[in-house]
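Step one of this worksheet: look at the structure below.
What you see below is based on every heavy atom in this structure, not just the backbone, and it leaves out hydrogens, waters and symmetry mates. Note on naming: letters A, B, ... go to the chains in the order of the sequence lines (proteins, then strands), and numbering restarts at 1 for each one.
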Amino acid sequence: VPFKEFAQTLEKIEDLSGKKKIDELGQFFTKVLDFSPEDLTACVYMSVNQLGPSYEEDLRIKGDLGTVAQQSRQNQKTLIQPKPLTIPIVFNKLVKIAKINGKEATTTKISEIKGLLSSCQGIEARFLVRMLAGKMRIGLGEQSVLSALGHALTLAKLAETNKKVSGDKLDAMKDTNVKRVKTAYCECPNYDLLSTRKRKNATDDNGVKVGVFLFDLLYFNGKPLVREPLRKRRELLRSNFKKIDGSFYFATSVDTMDTDEINSFFDEAIQNKCEGLMIKTLDTEATYEISRRSKSWLKMKKDYVDGIGDTLDLVVMGAYVGNGKRTGVYGGYLLGCYNPSTEEYESVCKIGTGFSDEDLAEQFKILQEKKIEKAPMYYQFDPTLKPDDIFAPHLVFEIKCADITISPRHKAASGLTEDGKGISLRFPRFLRIRDDKNADDATSSEQVLEMYRSQEIFANQKIEADDGEEDDDDVVGEDEEKDEEEEDLNKTNASEGSSKENPVEKKKSPVKQSPAKKDAEKSKSPLKSTPVEKKKTVASIFSSTKKSVKKEESPIKKKKKNEFSSDSDSEDSEDDAFAKKAQPKKKRSRVAIDSDSE
DNA sequence: TCTGATGCGTC
DNA sequence: GTCGGAC
DNA sequence: GTCCGACGACGCATCAGA
C-alpha cells in the first residue's frame with residue numbers, strides 16, 4: 001500500500017464530519033484487504049498512531065522529535081525524488097527508530113527521521129510529522145477505527161462472495177461486524193495491566209503501604225469473561241482468588257437498591273480517603289466493555305455536586321498559547337493565590353479545562369490589555385511554569401478542584417509550611433470569571449493552606465476513631481452519621497461571595513457514567529436524601545479502604561452553560577510552521593507515536 | 001558517574 | 001483525570 | 001449519547017550534559 005494513499009485518506013477524513021469519517025477509513029481498509037491484506041495490521045496501527053500493541057515493549061519515539069521533524073522540513077532541497085514510500089516501509093522504519101537507544105540515540109533518531117521525511121512527497125510529510133508529534137488531529141479515534149474495521153470486513157466479505165446487498169441490509173451487517181470487532185477487541189487479553197510495568201523500587205520505603213484491590217475478573221483459565229454479567233464475574237473472582245493481608249484484597253462493596261445506603265457508604269468511603277464510589281449494575285447490561293462510558297458503571301464523587309467541594313478564586317498570572325482547536329487564543333493559564341503578608345502572588349495551578357470557546361475568546365481579548373513585559377518580582381512561580389504571556393494581576397477565576405495536594409512545583413503557601421513545600425490542586429477546572437473581585441481579593445495563601453489542612457483532618461478523624469478494627473472486610477456495613485461531614489465540606493469553600501449571583505445553588509448529581517457497558521435505564525441519584533426512581537437494577541458499590549486505589553471514571557453531561565459559542569478557529573500550526581520559518585519555541589511538543597490505550 | 005530536565009504514564 | 005463541541 | 005481533542009498535577013525512568 002502506498003503511503004500516499006494513506007496520507008490522502010487521512011486528509012479526506014480530516015475534512016469530513018461524523019460517520020463519513022468512518023466510511024472513508026472503512027473504504028480504505030477494504031481496499032487494503034483487497035490488494036495487500038498483509039498490510040492491514042500496519043494500517044490499523046498507524047490509524048491510531050501506534051507502532052504495536054501497547055503491551056509490547058515500548059515502541060515510542062522519544063525526544064523532541066516532532067519539532068525536529070518540522071524544522072528539518074524547511075531544509076529539504078528535494079532535488080531528486082526518491083522512490084515512493086509504502087505503508088510497510090514507513091511503519092517498519094518508525095518501529096526501527098523507536099527501538100534505537102543507547103548512546104547517541106537521539107542523534108541517530110533525528111537523522112533517521114530526516115531521512116524518512118526527505119522521502120516524503122506532498123501531503124505525506126504533513127501526516128508523518130503529525131504522527132511523530134503524537135497528534136493526528138483528524139477527529140477520528142479508537143472507537144471509530146474499530147467501526148471502520150467492522151465496515152471493511154463486511155465489504156470485503158461481500159466482495160469475496162460476490163453478493164450484493166442493499167442499504168438497510170448492508171448497514172445491519174456492518175453493525176454486526178462492528179460489534180464482533182469490538183467484542184474481540186475486549187476479549188483479547190492485551191490490557192495494559194497485563195504488561196508488567198517496570199517500577200525500579202517496588203518496595204516502597206516511604207512508609208506507604210501499597211495493596212491491590214481486585215474488583216473484576218475479565219479472563220480466567222483461558223476463558224474470556226467479558227460477556228458474563230458482573231455478578232458472575234465477581235463470584236468467580238471471589239471463589240477462585242484469596243485475600244492476602246498486606247497485599248491483595250477484594251474491593252470493598254455493598255449490594256443494594258437503596259439510595260440511603262448508597263449515601264452512607266459514600267460518606268464512609270470519603271472518610272476513608274477514597275475518592276468516591278463506583279456504582280455498577282450486577283445483572284442488567286452488566287457485561288464488560290472496555291474504553292467506553294455507560295450508565296451501568298457510574299462514578300460518584302463529592303466534587304461533582306454544585307456547592308460542595310473545593311472552590312477557589314485565583315488570579316491569572318500568565319497564559320500559554322493554545323494548540324489545535326485553541327490556536328489563536330490561550331490554551332491554558334497560570335493561576336495564583338495572594339499572600340497579603342508578602343504582597344506576592346504564588347502559583348497554585350495551571351488551568352486548561354472548563355472553558356467554552358466563547359470564554360477563551362473573551363479572555364484572550366481582555367488579557368491583551370493586561371500584558372506586561374516580564375514577570376514582576378512579586379510573582380512566584382517555578383521557572384518551568386513560565387507562561388508565554390504574563391499579565392498584571394487583574395483577572396480572577398473561580399476554580400473548582402477535586403483535592404488539594406502538596407506540590408513539588410507550585411509555590412502557594414510555601415512560606416507557611418514547615419518544609420517549605422507549596423500547594424496545588426487536583427483536577428482543576430474553570431467555573432467562571434469573578435468580576436466582583438480584585439486580584440488582592442483572591443483566595444489567600446493562608447486560606448489555601450487552611451483548606452489543605454482541613455481536608456487532611458477531615459480524612460483523619462474517622463480513621464483515628466475506628467483505628468484497630470475492621471479495615472479489611474470485603475463487605476462493609478453502612479454508616480450512621482453524615483450530616484456533620486457535609487458541613488465540613490462546605491467549610492472548605494473559599495468563595496463565600498459565590499452565593500451572590502448564585503442564590504439558588506443548583507445541586508448537581510454527584511454521579512457520572514463510566515466506561516463499560518452501554519444503555520441501561522434512567523437513574524438519577526441526588527446526594528441528598530431524595531430517593532431515586534429505579535427500576536429493577538441492583539447497584540453494587542465498590543470502594544477501597546484507607547490509602548485507596550481507584551480506577552475508572554467518566555463524565556455525564558452537565559448543564560448547558562452557554563448554548564452558543566463562536567466558531568472555533570482551528571488552525572494547522574505545523575503547516576504554518578512549514579510556510580514560515582522554524583517555529584521558535586514550540587515548547588513541550590510531544591513526540592510519541594502514541595495513543596494511550598490499546 | 002552524577003544530576004537536572006523532561007518524556008510519558010498514572011490519575 | 002475534567003471539560004466543551006459537533007454530530 | 002458518543003466520540004473526540006483541548007487541557008490539569010505528579011512520579012518514575014531516562015537521557016543530555018557536566
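Among the protein residues, A:L360 comes within range of no part of the nucleic acid, since none of its heavy atoms lies under 4.0 Å from any strand. Using a 4.0 Å heavy-atom criterion, one finds that A:S144 contacts the sugar-phosphate atoms exclusively. Within 4.0 Å of A:I406, counting heavy atoms only, lie sugar-phosphate atoms of the nucleic acid but no base atom.
Contact annotation: A:T405 side-chain N/O to D:dC10 OP1/OP2 distance is under 4.0 Å. Contact annotation: A:R426 side-chain N/O to D:dA9 OP1/OP2 distance is not under 4.0 Å. Between A:Y333 and D:dG8 there is no side-chain polar atom (N or O) within less than 4.0 angstrom of OP1 or OP2. Within the structure, every side-chain polar atom (N or O) of A:K325 is placed at least 4.0 Å from both OP1 and OP2 of D:dG5. For A:S407 and D:dC10, the shortest distance from a side-chain N or O to OP1 or OP2 is below 4.0 Å. Applying the 4.0 Å criterion to OP1 and OP2 of C:dT2, one finds that A:K301 has a side-chain N or O inside that range.
At least one side-chain heavy atom of A:F29 sits under 4.5 Å from a side-chain heavy atom of A:L149.
You'll find that the side chain of A:H410 is closest to D:dA9, out of D:dC4, B:dC11, D:dA9. Side-chain atoms of A:T353 lie closest to C:dC3 of the nucleotides C:dC3, D:dG8, C:dG4. Distance from the side chain of A:R409 is smallest to D:dA9 among D:dC4, B:dC11, D:dA9. Distance from the side chain of A:R326 is smallest to D:dA6 among D:dA6, D:dC3, C:dT2. In this structure, the nucleotide among D:dG11, C:dG4, D:dG8 sitting nearest to the side chain of A:P408 is D:dG11.
Remark: A:E11 pairs with A:R126 by the salt bridge (charged side-chain N to carboxylate O under 4.0 Å, His left out) rule, at least two apart or across chains. Partners of A:E24 under the salt bridge (charged side-chain N to carboxylate O under 4.0 Å, His left out) rule, at least two apart in sequence or in another chain, are A:K12.
For A:L335 and D:dC7, the CG to C1' distance is 12 Å, given to the nearest whole Å. For A:Y330 and D:dG8, the OH to P distance is 15 Å, given to the nearest whole Å. Here D:dG8 presents its P atom at 15 Å from CZ of A:F430, a figure rounded to the nearest Å. A straight line from CZ of A:R137 to C1' of D:dC7 spans 14 Å, rounded to a whole angstrom. At whole-Å resolution of the value, CG in A:D15 and P in C:dA6 are 16 Å apart. The separation between A:K109 atom NZ and D:dC15 atom C1' is 11 Å, rounded to whole Å. If you measure from atom CG of A:L425 to atom C1' of C:dT2, you get 13 Å, rounded to the nearest angstrom. Straight-line distance from the CD1 atom of A:I423 to the P atom of D:dG8: 20 Å, rounded to whole Å.
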message: Checking A:K280 against A:E285 for the salt bridge (Lys or Arg N to Asp or Glu O under 4.0 Å) test, could you report, in this order, the C-alpha distance in whole Å, the side-chain angles of both residues, the deciding distance, and whether it holds?
response: CA-CA 10 Å; A:K280 310 179 184 183; A:E285 300 283 341; over 6 Å; no
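Here the closest heavy-atom approach between residue A:I399 and residue A:P428 is recorded as CG2-CB, 4.1 Å.
Under a 3.5 Å cut-off, the side chain of A:Y320 and the backbone N or O of A:L334 do not form any donor-acceptor pair.
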